Each structure stands twice: as C-alpha cells, then as structure tokens.
Amino acid sequence: MNKGIKNLREKGSSVFRAGSHMLPNISLMLAEGVITSLSDMKKPFITIINSFTTQIPGHAHLDQLGYMLKKELEKMDVNVWYTNLGGAVCDGIAMGHFGMKYSLPSRELITDQIETILGAHPCDAWIGIGNCDKIVPGMYNAMARMNIPAIYVSGGPMVSGCDDKDLVSVFEGVGGHSAGKIDDKELESLAVCACPGYGSCAGMFTANSMNCLGEVLGFALPGNGTITATTKREDTIRQFELNPERLDLVKNAGKMLLYLLKNKIKPLDILTKQSLDNAFIVDMAMGGSTNTVLHLLALAQSAGIKYDIRDLNRLSEDTPNITKVSPSHPDVHIEDLHKAGGMGTLLKELAKLPKTKLDLSTKTSYGTLGDYAENSPDPDGDIIRGIDSPFSEKGGLAVLFGNFSKNGAVVKSTGIEEGMFYFKGAAVVYNSQEDALSGILAGKVKDGDVVVIKYEGPKGGPGMQEMLSPTAAIKGADIKAALITDGRFSGGTRGLCIGHVSPEAASGGEIAIIENGDIIEIDVNKRSMNILISDQEIASRKQNLKEFEPKVKSGWLARYAKIVSSADTGAILVD
C-alpha cells in the first residue's frame, strides 16, 4: 500500500501530536486560523473538499454550501480544513470541441488531487462537495482509495427550464435547425430558457445518475441526487434562490460525517460487490447514463473488487425499467422524480421482484437500504411505475457482444425507440467525432445507416470524449439511424447509440477494420451486434491495419493515453 495512504488510515491528524518537533507545523495551523490555541490540537481534524467553480452551473453555488458547512462543523467542536479542487470540467461547455477530451481524464485528476490533499495534510475524516460529471465519481474513487471516514454531498440538480426544456432540448434543437425544422429565433429562444440556473442539468444525465447512485451505494444521504439546487419560481427565468431542503441536506451530511468518525465507519465497510450490484440494479430501473458503467467499474477497481461487465446483462434480465426521465422522457425531470419518492421509492418497489438480486440489508452511511425504502412512498404509477406495469421488462442498460465488440459495448436501452431494437444497415464510417458531426449536419447520413465513429476511445481520443452533438444532431433531424463508437455518450443521448466498444480501435480492436458500406446487424434484445463479413476477412483486415498514431503527443493527455485501460475495465489508469 502507498505509505502516504497507510499513514493517513492509521494515524490521521495524530501525526501532528507526535512530539515537540511538530510545533512548526502547528504554528502554521495557528497562522491559517484552523486552530486558535494549542489546546485545539486535541480535537479531530475534518477536511471539506469542495469543487466550487463558476465554470460549471452545477458548481457555481457550492461556495455557499461549503462555507455554511464549515460553520456548522465548527459548532461541533472539530478543527476544519477547507479546500477547493481544480481540474473540474463542465461537459456541456466542453462539448463539441477539443476540450471534451479532458473530461474523462479529469476524473483521475480529481482522485489524485484528493489523495494529495489528504496525504500531505492528514485528517481524521473528510467530506466531498461536488455535483457534475467526473467530479462525482472522482470523489467516490477517492473515498474508496483513502478509506478513512468520509461522506459525499452534491449541490443538487437544476430545475427544468421553460416549457419543460433542458440542455438536451438545445442540442437536439441544433439538429432540428440544420434540417430546417426550426428557425434561428426558435433555436436562440431554446438556448435562453432551457438551463435556468444553478444545479446539474435537469435530466437523468451522468451527473444526476451518479448523484442518485451515491444514495444506493451508501456514500451519500437520501435525497442527494434528487433534491433540487434551487426552488422553482414561475416569475423569473433565472433560478438562483437556494433550496432550503438542499441546505438542510448539506448540514445533515456534516452531522453524519461525525457519526461515521465516532463509530469508525469507513467507505470500504460500506462498498461491497453487493452494493455495486444494488447500484447497477437501480441504474437499470431508472435508465441512467451509460457513463455510470464506466464509473462504477472504476470504483470497483479502486476498492479492489472484481466486477465483470457481463454481470450487467444478468442483472438487467431480472430488473424492469420503472421510471423514465429526460432524455428518455423529455417532459419528466429530476424534480419530478423527487416528488414521486426518488431512490427510496425505486428501492421499495424493486424489492418486491421475486428474482431480484437487490439486497436491502446492505449497509450505508445512514443505516441500511431497507431503512430508506421503508420510509419512502409507494410508486405513483406515473413517474415511477409499479413492477407489474413497467416501461420495459428488462433494465435500462445493456451490454452487447459480437465480432467487433468482444469485450462488450454499452447501450442505454430505455432511450431506444420502438422498432429500433433490431437494426441492420450499411456503415458510414468516421475517424473522429468532428468528422461525424460535419457529415451528419451536411446530410450525408440517411435513414437506415449505421454511423461508426472510431478512434475515440480512452487511448484513441484520447479521453473518450462524449458525443452528444452527433447523437443529438441525428435525433433533431429525425434520422432513423444507429450510431456505434468506441467513445462514449452524454447521459443526454437517446436513440440507438452504442458506445464503449472494447477493445477500442487504437488498441487494435476490430472496430478499426469496419469500412464504409459494411453491413452491421444489431439485436439489442439478444445483446449482440456484428459486422456481416467472414472471420477470414476480419483477420485479413486486422493484419493490414496500420499502427495507431497518437493524436496528442505532449502534455497531460499524452501521458494519460499511454497508461489508460479500456472502457470495459472503467478506463482507469494502470501502471
């Protein structure tokens, strides 16, 4: 084990009480105001790690939450260190240009920064404040890696915009605009009103999926994923008034952290193979972002838990999809899911399944999942359906295997239209997201095509950038086409969009040999997809593949590309 982590786990802040030789260190603590006297050194040290930044709407209010939490903790007779993280990325603002390549790698930066902070300034417990995309799984990974008492709390989801619009409405509006379905004024109007204020974007996209699953994993309190950041007001477009319910949740998370510290409850006492199963089961039921697969597999690696991606199909078979939120149901948002009971109601209803592998006795930071479910309302039958009338009999995520996805590929099945679960068409091949988007907007993709975007995986991209722009362009233009990539999608993607193809093209995976005009057969219900050419032809094409030439040859992304694993193991960094 890393000696710094071992030191943190075994000693914490007691390293500063080792003798008079540590008085210089303590002198600096007096200078920064964390302690006011030498006697304060008897108190435990708590570290708040905040990801506040005005570059992300989901994080622009986290300074207010952080300082409130700091004051609350100081009332509880502990020493409080308070720090902010750098390297946070807004996927929506980074989308569609080179900046998106930094998004997935930022997850590793977040975790490494937290190790640095806690290793250099040992404390006894810590609380992470985050909200969007890679910051959330980065903090979860750090909780598992450092394994001292810890809890996570989010800034909450954004309320929906005017006429129940959200960010995806704007992206799909771009596709509609390119197809002549809406004019400039309509598109600009969408942009102005779709995202009204603070919070993680209003649908079941990556950030909200991971914030919701934090409740099921046990790393966050009930309501973490669904209590909105602000209160919704009808008299203004901009929503900046913080939700009192969210403020209470943050305060309660601070209190719970001290309970965890007092009782010596650590993340790896909570995170088990079963808790990961529980999270995936709820993910299937709510149709979460495909990115959750990447992040939960990476979390398993951080915890030293072996988790096979093939297990997802096993769980999906016995888990119906009982709620649909935007983008799968454009008029339903996280605020609606919260009113219907949120994760607690999902857990309560899923527990009724005769073959479920859900275990409500699993421990969490707040008790057990059963405690949460027992105190939650029954399904309303609309936003959350009963298990006897699901949206679909199988879960909202599926892993497809075939002759160019031997290690799997992931699709959000809840986002697929009726009639598209079986699809067969000719490949239209691109070697980058940018080329694909240009082709789609130029009308080069038609009904019946299978768009293939390769060399966008963890190594190939590098960084496995999200592809909401091309998928939204297809959807907005109402083109009946499939899309397959070794890259990944935003949680806002809907349609027959299959990502995470492994092995990726840059590693010599068979997706690299697909050519324009090749016929590809996709059968989601059978969990399969194949290129309809012979094994001999596949072998011949592979033999003639040129060695991949890295797209980025210097800086952090170049280093990342050299040591990142494939998507089927979570795209983690390996030695």
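This structure is a prediction, so every number in the text was calculated from the model and none was measured.
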Handout entry: Heavy-atom side-chain contact between M284 and L312 under 4.5 Å
Key = yes
Completion exercise
Shortest non-hydrogen pair, D486 vs A505, comes out as OD2-N, 2.9 Å
Problem - Test item: side-chain donor near acceptor, S289 and T206, under 3.5 Å - result: yes
Exercise for the section: Please examine the side chains of N407 and I309, heavy atoms only from C-beta on, and report whether any two atoms are closer than 4.5 Å. Expected result: no
Handout entry: Which residues share a salt bridge (Lys or Arg N to Asp or Glu O under 4.0 Å) with D311, sequence neighbours left out
Key = K273, R314
Practice task
Ignoring hydrogens and angles, state whether a donor on the side chain of H59 or S51 is under 3.5 Å from an acceptor on the partner side chain.
Solution key: yes
Problem - Within residues 496-509 or reaching into it, pairs that qualify as side-chain hydrogen bond (donor to acceptor under 3.5 Å, both in side chains) - sequence neighbours excluded - result: none
Practice task
Could you tell me whether the side chain of Y140 and the main chain of M210 form a donor-acceptor pair under 3.5 Å?
Solution key: yes
Exercise for the section: Could you grab the distance from atom CD1 of I305 to atom CG of L297, nearest 0.5 Å is fine? Expected result: 11.5 Å
Exercise for the section: Report yes if the side chains of N50 and L65 come closer than 4.5 Å at any heavy-atom pair, otherwise no. Expected result: no
Handout entry: Cationic N near anionic O, under 4.0 Å, K101 to E456
Key = yes
Practice task
Indicate yes or no: does E317 engage K394 in a salt bridge with an N to O separation below 4.0 Å.
Solution key: yes
Exercise for the section: Decide yes or no for T228 and H338: does some side-chain heavy atom of the first lie under 4.5 Å from some side-chain heavy atom of the second? Expected result: no
Practice task
Could you walk me through whether Q301 and S565 pass the side-chain contact (heavy atoms from CB on, under 4.5 Å) test, one step at a time?
Solution key: CA-CA 11 Å; Q301 294 278 345; S565 74; over 6 Å; no
Problem - No-hydrogen, no-angle side-chain donor-acceptor test under 3.5 Å, N211 and N131 - result: yes
Completion exercise
Between I93 and Q55 the two heavy atoms that sit nearest each other are CD1-O, 3.3 Å
Fill in the blank from the handout: Rounding to 0.5 Å, atoms CG (L73) and NZ (K255) come to a distance of 10.5 Å
Handout entry: N-O pairing of D269 and K363 below 4.0 Å
Key = no
Practice task
Say whether, by atom type as modelled, one donor and one acceptor occur between the side chain of R107 and the main chain of L104 under 3.5 angstrom.
Solution key: no
Practice task
Would you please test E349 and D378 for side-chain contact (heavy atoms from CB on, under 4.5 Å) and show each step?
Solution key: CA-CA 7 Å; E349 189 64 13; D378 293 327; 5.6 Å; no
Practice task
Say whether, by atom type as modelled, one donor and one acceptor occur between the side chain of T53 and the main chain of I56 under 3.5 angstrom.
Solution key: no
Problem - For the student: nearest non-hydrogen atoms of S376 and T345, plus distance - result: CB-N, 3.6 Å
Exercise for the section: Would you mind listing every ring-ring contact (aromatic ring centres under 6.0 Å, His included) that reaches into residues 257-290, with sequence neighbours excluded? Expected result: F280-Y307
Exercise for the section: Would you mind reporting whether F489 and L483 have side-chain heavy atoms less than 4.5 Å apart? Expected result: yes
Handout entry: Exercise: do T292 and D283 side chains pair donor with acceptor under 3.5 Å
Key = yes
Exercise for the section: Please check if any side-chain donor atom of S316 sits under 3.5 Å from a side-chain acceptor atom of N313, or the reverse. Expected result: no
Practice task
Would you kindly say whether E115 and N2 are connected by a side-chain donor-acceptor distance under 3.5 Å?
Solution key: yes
Exercise for the section: Fit a plane to each ring of Y372 and Y366, take the angle between them on a 0 to 90° scale, and name the class: parallel (under 30°), tilted (30 to 60°) or perpendicular (over 60°). Expected result: perpendicular
Exercise for the section: State whether a side-chain donor-acceptor pair under 3.5 Å links T356 with D318. Expected result: no
Practice task
Please report the closest heavy-atom contact between S365 and L221, naming both atoms and the distance.
Solution key: OG-CD2, 4.3 Å
Problem - Between CD on residue E215 and CG on residue N278, distance to nearest 0.5 Å - result: 13.5 Å
Handout entry: N321 and T414: side chain donor to acceptor below 3.5 Å
Key = no
Exercise for the section: Report yes or no: is the cationic atom of R385 (NZ for Lys, CZ for Arg) under 6.0 Å from the centre of the six-membered ring of F391, at an angle within 45° of the ring normal? Expected result: yes
Exercise for the section: Ignoring hydrogens and angles, tell me if any N or O in the side chain of T364 forms a donor-acceptor pair with the backbone of G367 under 3.5 Å. Expected result: yes
Practice task
Would you give the length of the straight line joining atom CD of E108 to atom CD1 of I110, rounded to the nearest 0.5 angstrom?
Solution key: 10.0 Å
Fill in the blank from the handout: Value for SG (C497) from CD1 (I453), rounded to nearest 0.5 Å, stands at 9.0 Å
Problem - Heavy-atom check, side chain of F401 versus side chain of R310, under 4.5 Å - result: yes
Problem - Distance, nearest 0.5 Å, that separates CG of N252 from CG of N224 - result: 12.0 Å
Practice task
Check the side chains of S326 and R494 for a donor-acceptor pair under 3.5 angstrom, ignoring hydrogens and angles.
Solution key: no
Exercise for the section: Dump the intermediate steps for side-chain contact (heavy atoms from CB on, under 4.5 Å) on L257 and I46, then the final yes or no. Expected result: CA-CA 9 Å; L257 179 63; I46 303 294; 3.6 Å; yes
Fill in the blank from the handout: On a heavy-atom basis, the closest approach of E466 and K134 is OE2-NZ, 3.8 Å
Problem - T226 side-chain N/O to I334 backbone N/O, donor-acceptor pair under 3.5 Å - result: no
Handout entry: Any donor-acceptor N/O pair, N208 side chain to F205 backbone, under 3.5 Å
Key = no
Handout entry: Any side-chain heavy-atom pair of P57 and C90 under 4.5 Å
Key = yes
Exercise for the section: Apply side-chain contact (heavy atoms from CB on, under 4.5 Å) to the pair L261 and V78, showing each step before the final yes or no. Expected result: CA-CA 11 Å; L261 175 60; V78 295; 5.5 Å; no
Exercise for the section: Determine whether Q274 and T272 make a side-chain contact, defined as any pair of heavy atoms from C-beta on separated by less than 4.5 Å. Expected result: yes
Handout entry: R9 (side chain) donor-acceptor with M146 (main chain) under 3.5 angstrom
Key = yes
